[in-house]
Every structure is written in C-alpha cells, then in structure tokens.
Colleague: 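Quick one: the structure is below, questions incoming.
Since we're looking at a predicted model, the values are computed, not measured. Whatever order the structure lists them in is the order used to number ligands and atoms, beginning at 1.
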Amino acid sequence: MENVASSIKSYKSEVEQNKDQYLGELIDLLKIPSVSADPQYKDDVLRAAEFVKQKLVDAGADNVELCTTPGHPIVYGEKMIDTNAPTVLVYGHYDVQPPDPMDLWDSPPFEPVIKDEKIYARGACDDKGQVYMHIKAFELMTQNDDLPCNIKFLVEGEEEVGSDNLGDFVENNKEKLSADVVLISDTSMIANDVPSITVGLRGLSYVEVEVTGPNRDLHSGVYGGAVANPINILSNMIASLQDENKKITIPGFYDDVVELSEAEREEMAKAPFDEHAYKNDLVINDVEGETGYSSLERTSIRPTLDVNGIWGGYTGEGAKTVLPSKAYAKISMRLVPNQNSDKITKLFTDHFLAIAPKSVKVKVTPHHGGEAAVTPIDSVAYQAASKAMEDTFGKKPIPVRGGGSIPIVALFEDVLGLKTVLMGFGLDSDAIHSPNVHYGVFNYLKGIETIPLFYRHYAEMSK
Ligand code: BES
Ligand code: MN
Ligand code: MN
C-alpha cells in the first residue's frame, strides 16, 4: 500500500501552471445568473447548463447531454474506461440561490472579482466552484491518460429549490446512474489547516404560513384593541414553538430523533471549535440554542426550527397606522436522521392550526423538503477521500457531521443503493447564500489537485 501511495501522480505543478485558465473559466460560469428559484432567470439557468455541458465535452466526457425536466435541465456525461474499474457518480449543482439583498454586496453578485485570494460571486463556493474543480480534475486525468475509474457526472439545476425533478430522474434512470459510490463536493471543511470530511447532512421541512385576521386592513385606532392583529398573533404563535430551553414544542417532533451515545458525543467534541472566534466572526455577544448541547451539536445532530422571513402590514418609509389583514412567515425545520420530513411537516401543520385562536384563520403551505443522511467512515471510498486529502493537505481530515441539507443524498441511497462521500472544500466563513459569498483560490486549486488522488486511491483500494 505504501508503495502504491508514493508512486501516485501529483498534479500540483499542472494545477499551478493552469491556474489563470482555471480561474478564468470559473469566472465565465459565475457570470451566468442561474438562479433556480426565480422564473425570470430561466434562460440564464439554461445557459449555465449548456456551459457545463460544453466544458464536460471539452474535458473529454462522452454521451454528454442535457436531460430536460419539468423544471431546469440536468447535465449528464460519462467516461467509461473499463468495466472492471469502479464507477464513481459525481453529483453537483449549477444553480444558485437568489442574490438578495442586493444592497449588501460590495461588488455585483454576477460580476465575479478576485480579491484577497478569494473569488467573490454568487455560487462561487456553492456550488459552481466546487463542480468546476471536478471538471478540471477530470480534464487533467483524461489529458494524461490517467483515469483509473469510470466516471458519471450528474450536475443539476434545482438543488437550491429542493431537487424535486432530480428525484424523479433518479427513479427513472437507475441503470444509467448505476455506480459504486457517489462523490460530492458541496460542503465545507473546518479550516484550511484543519481539513475535514462531512459525514452527515440534516434533512429539511419548509413551510409557509399565512395568518388572516379581519377581511381588510383597518385603522389601528378605530379597531385596534378589539380585533385580532394577525402580526401580533403570528408572533405569539411562533414564539410558542420553542420553550425556555429552546426545545421545539410541536407534539411528537422529537419522537424519531436518535440520541447519540455519550461515546459518540465525546468523539464529536474532539473536532476543534473556538467559541470565542465564532462569536467574534458573527459579532454576537453569546451563542444560543437547545439546553444541554454544544454549538457543534446544535448545528449538526439536533433538529431546529427557524423563521426565515416574516412580513405583513406596513414596512415602507415613516409610519402608517394600520391593523393589517394578513401576516406571513417562512419557517424551516432542520431534521436529523430517522426523522421524516413529510411527517414533520404534518406535525407542524396540525399543531400550528391547533394553536391558532378563533379570531384568525391560518393556512400552512408546505414547500420542499428532504431527508437527513449519514455517510459511513469505514467505507473504501471514505478512506480514499481521507487519503487524498491527507496527501494534499498534509493532515488527515476529521470526520464531522454537517448542518446543511443536500436532499438527493438520501435518495441516492434509497433508490440507487449508493453511499456518498462528501468531500467538500469550502469554508463556513465563505458566506454561502449570503451577500459577498466567496471561494478561496487556495480551496479551488486544492480541490482540483486532490480529486485525481481520490480516484487513484479508490481504484487501488477497490482491487
Ligand atoms: N451546499 C448546500 C448544503 C450544505 C452547505 C451542506 C454547507 C453542508 C454545508 C446546499 O446547496 C444547500 O444550500 N442546500 C439547502 C437545501 C435545499 C433544499 C434548499 C440548504 O441546506 O438550505
Ligand atoms: Mn450546494
Ligand atoms: Mn446552497
């Protein structure tokens, strides 16, 4: 084994030489505003798909195609080199979150700039930069006739809106997508000098609620005090969803939650976490969350409930005295393994309707959801990823459970029977989904250098 590892080709110098080219191409992709949530960007989303398709062709992939869906297209491509070699399904997404709020960006979201060795643009890290690492790593391997595995690429355009159509595509294309493992770079590491591999994702239940009071907006002096104000009511209802220990009060919410053993929690606590730096970075005086759990646990192994947006009444300049007719909120619940998102959505809905006072009408509309996932650390593929990162970072990566969601990962397991390796190269401080999101040039290039080593180790270790 040791000999095998030491004879592995490193692409460090090639990556360094091609740096400007790699950055330039990624910048071209980042210029395309592929916002999946907003129909206004439909043509741009298609342009991004075509860009990815063309780059896969240029990099040497075969059978590259845009697979149409009722929503945005899926890009598929493959390189089958040997039926005896293992097959890796590489998944990523070319769509991005909406860029709002626009006024908080230091430079426009779709006019990428490189500043302080970071690429600033919507999607830089999540996930265009990380997808593009895979295309360039693949190109290096095909150019050097050094591809040790079969590769299938699946790059979708609806991850940021819940991957609904990809779920159907996976169901209908089991043969086409058959593989030995899924490889995804769409997560983060602890730090550039503390490499880590994500071994868990949370699930998601997302709902929108509408509270209606009187049939029309009212004068808050003439009617205020005698008629229910839907914003006041909604605020109270939301506040009641958590108790003083920040436990969620929805009956049955924790029924399916798997508690970790003390040993597992101790293992988790070994991951470095600097609470002081965490607070400084966010400019908060204290952290907050469920009693009895650490910040790391609160953001990974525990379910949560958060209001993502709340509106109603008058929010314009100055003051208007109004008792509004309606109030709204968007609420997300992050879920942990064994919780089911449809069940949680139903529990939420039943509870929210039950706690509404008679003075208002309440409507709950479910949005997208997804299930949590845990990925094994004793698999050949995980070990290959770990070795690859150890080769390029000089340190063995730490396995950590992540807090975000990638809904398709659970489906890859359920429908295709495939385990996933989440070898991400972002940092939590990259500010994904926020204004001024960025991706380190170091991380981008390190990813391109590391990915070929994954394939090499995986092929060797699978023998
Ligand atoms: N890449 C993220 C998920 C992620 C980020 C996982 C960082 C772990 C660490 C993904 O693009 C994402 O944002 N997913 C959404 C879910 C989706 C259904 C909208 C999320 O987590 O909010
Ligand atoms: Mn992503
Ligand atoms: Mn995202």
Colleague: Can you tell me if, anywhere in Asp186, an N/O/S atom lies at a distance from the Mn ion (ligand 2) that is smaller than 2.8 Å?
Modeller: yes
Colleague: Ligand 1 and Thr187, any nitrogen or oxygen pair closer than 3.5 angstrom?
Modeller: no
Colleague: So is Pro407 close enough to ligand 1, meaning a heavy atom under 4.0 angstrom away?
Modeller: yes
Colleague: Under 4.0 Å from any heavy atom of Gly404, which atoms of ligand 1 are there?
Modeller: 6 (C), 8 (C), 21 (O)
Colleague: May I ask you to check whether His368 has an N/O atom sitting below 3.5 Å from an N/O atom of ligand 1?
Modeller: no
Colleague: Report the name of the N/O/S atom of Glu160 located nearest to the Mn ion (ligand 3).
Modeller: OE2
Colleague: State plainly whether the residues Lys118 and Asp430 are in salt-bridge range, i.e. N to O under 4.0 Å.
Modeller: no
Colleague: Examine Asp127 and say whether one of its N/O/S atoms is closer to the Mn ion (ligand 2) than 2.8 Å.
Modeller: no
Colleague: Could you check atom 19 (C) of ligand 1 against the protein and tell me its nearest heavy-atom contact, residue, atom and distance included?
Modeller: Glu160 O, 3.5 Å
Colleague: Please list, chain by chain and in numerical order, all residues satisfying ring pair (Phe, Tyr, Trp, His ring centres under 6.0 Å) with Tyr328, sequence neighbours excluded.
Modeller: Trp311
Colleague: Taking distance alone, with N or O pairs closer than 3.5 Å, would you say Ser188 contacts ligand 1?
Modeller: no
Colleague: Of all the atoms in ligand 1, which lie at a distance below 4.0 Å from a heavy atom belonging to Ile432?
Modeller: 5 (C), 7 (C)
Colleague: Any salt bridge between Glu25 and Lys136, counting N to O under 4.0 Å?
Modeller: yes
Colleague: Nearest non-hydrogen atom to atom 4 (C) of ligand 1 belongs to which of Asp186, Asp164, Ile184?
Modeller: Asp186
Colleague: Is Arg298 salt-bridged to Glu290, cutoff N-O under 4.0 Å?
Modeller: no
Colleague: Test of understanding: with side-chain contact (heavy atoms from CB on, under 4.5 Å), list the residues that count as partners of Val35, not counting sequence neighbours.
Modeller: Asp38, Tyr41, Val96, Pro98, Pro99, Phe110
Colleague: Does a side chain donor of either Thr345 or Ser205 reach within less than 3.5 Å of an acceptor in the other side chain?
Modeller: yes
Colleague: Are Glu297 and Arg265 within salt-bridge range, i.e. N to O under 4.0 Å?
Modeller: yes
Colleague: Quick one: nearest non-hydrogen protein atom to atom 3 (C) of ligand 1, plus distance?
Modeller: Ser405 O, 3.4 Å
Colleague: Among the N/O/S atoms of Asp126, select the one at the shortest distance from the Mn ion (ligand 3) and name it.
Modeller: OD2
Colleague: Classify the contact between Leu204 and ligand 1 as side chain, backbone, both or neither, using a heavy-atom distance cut-off of under 4.0 Å.
Modeller: side chain
Colleague: Checking a contact table here: which protein heavy atom is nearest atom 11 (O) of ligand 1, and how many Å away?
Modeller: Glu159 OE1, 2.7 Å
Colleague: Arg334 heavy atoms, cut-off 4.0 Å: which ligand 1 atoms fall inside?
Modeller: 20 (C), 21 (O), 22 (O)
Colleague: Is Glu65 salt-bridged to Lys53, going by a charged N under 4.0 Å from an acidic O?
Modeller: no
Colleague: Is a side-chain donor-acceptor pair under 3.5 Å present for Tyr254 with Gln339?
Modeller: no
Colleague: Do Lys446's NZ or CZ and the ring of Phe393 fall within the cation-pi criteria of under 6.0 Å and 45°?
Modeller: yes
Colleague: Would one find an N, O or S atom of His93, in either backbone or side chain, under 2.8 Å from the Mn ion (ligand 3)?
Modeller: no
Colleague: Do Lys395 and Glu390 meet the salt-bridge criterion of a basic N to acidic O distance under 4.0 Å?
Modeller: no
Colleague: Side chain, backbone, both or neither: which part of His93 has a heavy atom under 4.0 Å from ligand 1?
Modeller: side chain
